[in-house]
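Since the structure is predicted, the reported quantities are computational estimates derived from the model, not experimental observations.
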Amino acid sequence: MKLLLIGSGGREHALAWALAKSPKLTKLYAAPGNAGIAEVAELTDLDVTDHQAVTGFCRDKMIDLVVVGPEAPLVAGLVDDLDAAGIKAFGPTKEAAQLEGSKAFTKGVCDEAGIPTAAYGRFADVDAALAYVRAQGAPIVVKADGLAAGKGVVVAMTLEEAEDAVKACFEGTFGAAGAEVVIEEFLEGEEASFFVLSDGKNALALATAQDHKRAYDGDEGPNTGGMGAYSPAPVMTDAVVADVMRRIIEPTIATLARRGTPFKGVLYAGLMIGKDGPKLIEYNTRFGDPECQVLMMRLDSDLLDLILASVEGTLDAAEARWKDDAALTVVMAAKGYPGAYEKGTEIRGLKPVGSDGPAVFHAGTKRDGARVLANGGRVLNVTALGETVRAAQESAYRVVETIDWPEGFCRSDIGWRAIAREDKN
Ligand code: AMP
Ligand code: GLY
């Protein structure tokens, strides 16, 4: 099969690496890709916001399947346009991608299906929002409704912070994403990410992970797209997974199917596991980045087979097998990220990703002749397996040591929560 992969992050490098292992794959294109993806795919500088150009490319190259990595093309309706052109695509339609694109949409699904989530109010008016915040008190969570690249959420520990966040939203800090705000009850517990695959009717549990959203050690500093992750998440025991499938995932899939807008693709549930059981924080409609990197390291099944089962509606007969080992990934970012950072600095000491052993997945990189240059905020994902999270962590940081990139930085404590738990047991 000939595939086109859309995206350029570490997530897409991990997907490309996993897809390249499938005996069914004959050719992989990636748009736009990066220097690591180029090890297994032919890069094309196709403008993915131009859906006609994408369909044209697919016809021209006789692409059998398009795999969409990031959320923006999903929310923009790329899968709808490919479907309309008779080209198979993996990922949700524009309407189903509203589970990620609009927090208010997701809350509506939760109400309709009785899914456990934080109590909330939704406001298009600053005074009403402020009155609600004052009535509820702090801690409280203020969210811009639309896509704000993970930056539209303020967990306010004081009333003043909450009021400032509401005002900032309506003053246009998040652009159109902040035209409406969702104000939520503060949930206590441990966060985990859970990934499932759906074909519109059936849901297949994939695996669990934990992300590290803050830029610096000790979970300090600004929020980022994710500075490291590990899988599995110890808090997600088999019993919790079963509970989440029954009370959160299956009702969501059933509700979207009943509405006539079935969800196909990867559903990524951000969960809070607290005293009264798991609650949904949010949905994403794609693999997480960097969570995908640890999932792909642990996956023992053919990724292409699973994706085809999602596209073709045969997930009820599919099975996903995972290594028992833990996987851990350390993100190396350009100094300054998530604020301003320099591009174009040289990275030395990189080795191509092999079929086993630790893997350095590329995110923001590009090739300049024989040199690899940093080309983004998050740049490399050093990923390793181990019998324990601690062993995976040691292995990943050993590889970090071999990478010569003075302009980069990483956290030194990825996995700390799981390791503390391992040490206690
Ligand atoms: P979101 O973009 O909705 O995932 O929110 C970003 C982060 O804010 C989450 O990963 C949580 O750490 C935190 N968060 C969001 N909603 C809540 C909530 N209701 N209670 C506590 N923390 C939250
Ligand atoms: N790592 C968080 C995300 O992909 O949304």
Side-chain angles (χ1 to χ4, degrees), residues 5-7 11 15 18-19 65-71 73-75 77-80 82-83 88-102 105-110 112-117 192-209 231 236 240-271 278 280-289 291-292 295-296 299 301-322:
L5 173 66
I6 309 279
R11 165 181 52 212
L15 291 174
L19 288 168
L65 174 70
V66 179
V67 176
V68 183
E71 62 277 21
L74 298 170
V75 173
L78 179 59
V79 169
D80 307 62
L82 288 165
D83 275 348
K88 271 189 198 161
F90 173 63
T93 59
K94 182 176 180 166
E95 182 63 20
Q98 288 299 303
L99 281 177
E100 171 156 6
S102 164
F105 177 93
T106 298
K107 287 298 196 186
V109 171
C110 290
E112 192 175 324
I115 292 167
T117 186
S193 306
F194 179 50
F195 297 86
V196 305
L197 211 51
S198 180
D199 60 7
K201 311 180 291 286
N202 308 290
L204 176 71
L206 292 178
T208 63
S231 171
M236 293 290 291
V240 175
V241 167
D243 200 29
V244 171
M245 286 298 284
R246 188 173 58 79
R247 291 168 61 215
I248 298 179
I249 304 296
E250 284 160 5
T252 301
I253 300 300
T255 300
L256 266 76
R258 197 166 52 239
R259 290 181 177 185
T261 54
F263 182 91
K264 291 185 169 198
V266 177
L267 189 58
Y268 156 180
L271 302 168
L280 179 70
I281 299 176
E282 63 158 2
Y283 276 131
N284 296 307
T285 59
R286 51 172 173 84
F287 280 112
D289 186 347
E291 294 92 326
C292 184
L295 261 53
M296 291 305 114
L299 182 64
S301 300
D302 183 322
L303 176 64
L304 185 48
D305 282 339
L306 291 172
I307 286 179
L308 284 170
S310 160
V311 173
E312 287 164 359
T314 56
L315 267 182
D316 49 336
E319 190 203 356
R321 289 181 314 278
W322 303 89

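Leu271 is listed as a side-chain neighbour of Leu280, based on a closest heavy-atom distance under 4.5 Å. A 4.5 Å side-chain heavy-atom check between Val244 and Met236 finds at least one atom pair inside the cut-off. Within the 4.5 Å cutoff, the side chain of Leu19 has heavy atoms near those of the Ile307 side chain. Contact of the Arg259 side chain with the Val109 side chain is registered, since non-hydrogen atoms from C-beta on lie closer than 4.5 Å.
The list of salt bridge (Lys or Arg N to Asp or Glu O under 4.0 Å) pairs with a residue in residues 249-258, not counting sequence neighbours, reads Glu112-Arg258. Residue pairs satisfying the side chain to side chain donor-acceptor pair (under 3.5 Å) criterion with at least one member in residues 309-320, sequence neighbours excluded, are listed as follows: Lys88-Glu312.
Taking the ring-ring contact (aromatic ring centres under 6.0 Å, His included) definition, one finds that Tyr268 meets it with Phe195, sequence neighbours left out. Evaluation of the side chain to side chain contact (heavy atoms under 4.5 Å, CB included) rule for Ala89 yields Val66, Val79, Leu82 as partners, not counting sequence neighbours. Partners of Ala320 according to the side chain to side chain contact (heavy atoms under 4.5 Å, CB included) rule, which considers only residues two or more places apart in sequence or in another chain, are Leu204, Leu206, Leu306, Trp322. In this structure, the side-chain hydrogen bond (donor to acceptor under 3.5 Å, both in side chains) partners of Arg246, at least two apart in sequence or on a different chain, are Asp243. Considering only residues two or more places apart in sequence or on other chains, Lys107 meets the salt bridge (Lys or Arg N to Asp or Glu O under 4.0 Å) condition with Glu184. The side chain to side chain contact (heavy atoms under 4.5 Å, CB included) check on Ala203 picks up Met245, Ile249, Ile253, with sequence neighbours excluded. The salt bridge (Lys or Arg N to Asp or Glu O under 4.0 Å) search around Arg286 returns Glu71, Glu100, not counting sequence neighbours. Partners of Thr252 by side-chain hydrogen bond (donor to acceptor under 3.5 Å, both in side chains), not counting sequence neighbours, listed by chain and number: Tyr283. For Pro70, the side chain to side chain contact (heavy atoms under 4.5 Å, CB included) partners are Arg11, Glu12, Val68, Pro73, not counting sequence neighbours. Annotation: side-chain hydrogen bond (donor to acceptor under 3.5 Å, both in side chains) contacts of Asp302 (sequence neighbours excluded): Ser22.
Between Leu295 and Ser231, the closest heavy-atom pair is CD1-OG, 3.9 Å. Scanning all heavy atoms of the two residues, the minimum distance from Phe263 to Val266 falls at CZ-O, 3.4 Å.
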